[in-house]
Number of protein chains: 2
Amino acid sequence: MKKTEPAPKKPLPPQATIRRLSVYLRYLNGLDGDGVKVISSHDLARRLALNPAQVRKDLAYFGEFGKRGVGYSVKKLRDHIVKILGLQKMRKVAIIGAGGRLGTALALYTGFEKRNFKVCALFDKDPAVIGNEVDGVGRILSIEELPRTVKETGIEILVLTIPAAAIKEVHDIIMLSGVRAILNFAPYKMLSTEDVAVHNVDLTTELEALSYLLSLRESGLTSLENNLPADNE
Amino acid sequence: MKKTEPAPKKPLPPQATIRRLSVYLRYLNGLDGDGVKVISSHDLARRLALNPAQVRKDLAYFGEFGKRGVGYSVKKLRDHIVKILGLQKMRKVAIIGAGGRLGTALALYTGFEKRNFKVCALFDKDPAVIGNEVDGVGRILSIEELPRTVKETGIEILVLTIPAAAIKEVHDIIMLSGVRAILNFAPYKMLSTEDVAVHNVDLTTELEALSYLLSLRESGLTSLENNLPADNE
DNA sequence: CAAACTTTGTGATATAATGCTCATATTATA
DNA sequence: TATAATATGAGCATTATATCACAAAGTTTG
């Protein structure tokens, strides 16, 4: 009787690979819309300013999707990536801080539904906005109702759009609410735990990183044009 | 006569370092507000779930700011990071797609000004919103006015909050407008050039990366709790 | 003021991500 | 069916990034 598997051979894919898969997916959707049937790693890479080998390696983490001498079937590859990222299943999302500008903007953003994310609950701490109706989503609930709603509705992802100062107050109720993932826009670095994966998106940090590049150029490091830190994402 | 410098010894700091500097800066501001005078790399690292050596190395790219046996002066370190990131100088920002939800939310977000970014012009392509007044910022201008306004006002950074489909139309006018940096929220990967640094922030990609983690756990890779891809940023 | 303790800054080392190269598979063509 | 052309997948090389470990510097204590 053997111990377990014969040896998984492949290491876990890096997070950067996962991000790129999402970008590939979007591009593939566009190609499919244009009627393109097949794409090579070379062409994919060129459009996205990546190395073709990187594209192939990213995909090879998950199987052999391509055909030598031909390339990748746009539709098949798209379907594979959808499965890899777990996007066949609709994911329920709630927004915390839905009374604020950013929260409202995201609550009303229709782009998520196209990708199978459904905003289906809104929360806030401020009594002044609790009860307000948001078109097509529902009324804003008190944050106190979060744990119950998460369980009843099956919410998996929380989007946090609250001020930094408010985090401490809601931190525990959020982490213990039963959600498995958080997308945090508050300018305060939340840490992942065993139970809850957190991704922080810090708009100020993004601007400051750009400011750094600006001041590099100002300070006359002229031929920085090479090794320029390039774009992220 | 020597060729140039005696040899810069230090390599360029990675982008990840720059991002972390921004995070350090925010935390240092908080500490300063709380009256904390000195912080060690160890304490800083603990709060931000980093390695102390990484904190020290990040800072060491730019000089020797600490005191052995003591730590870093909160105020001094804060001031150094401000200089490194070029934040002593106010940076003028314009928003393209200011008629949309996200654009409006960002235009009205007051958090940027605290960090010395000033939103001072708004643009859109849609005649239905051009001319609309946005409190405290001004009227929405036609995108046609972008190049002139950039030059006259000294705008350095553009924030793009337009639909993906609209990018192709405005791509050239933006890249040639004279700005040096772009923060792109549109779900379309824009590429950096020699003249214009682009950072892409893709909200859908963030959600999809979280979805991947969710489906990993669903598929029963139980003891993933170790090597969990953790948080980004 | 010496000994014990703390904490930085950095060279050495480990880990990870990216890029290169080529054997192999597929298609097209003559 | 052989030949040329294309493009994947995988192993290896290279580069980039993160961590370790320790000497040097500063502080505190007795």
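Only a predicted model underlies this, so the values are computations on that prediction, with no experimental measurement involved. Below, each value reflects all heavy atoms present in this structure, side chains not excepted, and no hydrogens, waters or symmetry copies.
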message = Taking the nucleotide of DNA chain D with the nearest heavy atom to each, does A/Gly66 or A/Lys57 sit closer to the 5' end?
response = A/Gly66
message = Taking the side chain as everything from C-beta on, heavy atoms only, tell me whether B/Asn116 gets closer than 4.5 Å to B/Lys89.
response = no
message = I need the CG-C1' distance between B/Leu50 and D/dA18, as an integer number of Å.
response = 11 Å
remark   = Looking only at heavy atoms, the pair that brings B/Phe65 and B/Leu59 closest together is CE1-O, 3.6 Å
Neighbours of DNA chain C within residues 76-85 of chain A, by heavy-atom distance under 4.0 Å = none
ask   = Between A/Asp32 and A/Arg78, does a side chain to side chain contact (heavy atoms under 4.5 Å, CB included) hold up when you go through it step by step?
value = CA-CA 9 Å; A/Asp32 189 45; A/Arg78 193 238 287 130; 2.5 Å; yes
ask   = When rounded to the nearest 0.5 angstrom, what is the spacing between CD in A/Glu218 and OG in A/Ser211?
value = 7.5 Å
ask   = Has B/Tyr72 got a side-chain N or O lying under 4.0 Å from the OP1 or OP2 atom of C/dG9?
value = yes
request  = Pull out every residue in residues 33-46 of chain A that has a heavy atom closer than 4.0 Å to any atom of DNA chain C, ordered by number, or say none.
outcome  = none
query = Which listed nucleotide (C/dT10, D/dT17, C/dT18) is nearest to the side chain of B/Pro14?
reply = D/dT17
inquiry  = Tell me whether the count of non-hydrogen atoms from other residues, nucleotides or ligands lying under 6.0 Å of CZ in A/Arg47 goes above 12.
reply    = yes
query = Can you find a heavy atom in the side chain of B/Ile182 that is under 4.5 Å from one in the side chain of B/Met175?
reply = yes
B/Asp172 side chain near B/Ile174 side chain, heavy-atom distance below 4.5 Å = no
ask   = What integer distance in Å separates A/Asp58:CG from D/dA10:C1'?
value = 14 Å
ask   = Any side-chain N or O of A/Arg56 under 4.0 Å from OP1/OP2 of D/dG11?
value = no
key: Between P of D/dT14 and CG of A/Asn51, the distance in whole Å   = 16 Å
remark   = Tightest non-hydrogen contact, residues B/Val74 and B/Val38, listed as CG2-N, 3.7 Å
remark   = Here the pair of heavy atoms bringing A/Tyr61 nearest to A/Pro14 is OH-CD, 3.4 Å
inquiry  = Looking at C/dT18, I'd like to know if its phosphate oxygens (OP1 or OP2) sit under 4.0 Å from a side-chain N or O belonging to A/Tyr61.
reply    = no
ask   = Around B/Arg101, counting heavy atoms of other residues, nucleotides and ligands shown, do more than 12 lie under 6.0 Å from its CZ?
value = no
inquiry  = Nearest whole Å is fine: how far is C/dT15 P from A/Leu12 CG?
reply    = 15 Å
key: Whole-Å gap separating P (D/dA16) and CD (B/Gln54)   = 17 Å
request  = Using atom CD of A/Glu64 as one end and atom P of D/dG11 as the other, report the distance to the nearest whole Å.
outcome  = 11 Å
remark   = Scoring nucleotides 24-30 of chain D by protein non-hydrogen atoms under 4.0 Å (B base, S sugar-phosphate only, - none) yields BBSS---
query = If we only count heavy atoms from C-beta on, is the B/Leu31 to B/Ile39 side-chain gap below 4.5 Å?
reply = yes
key: Polar side chain donor-acceptor pair, A/Arg19 to B/Thr205, under 3.5 angstrom   = no
query = Does a nitrogen or oxygen in the side chain of A/Gln15 sit under 4.0 Å from OP1 or OP2 of C/dA17?
reply = yes
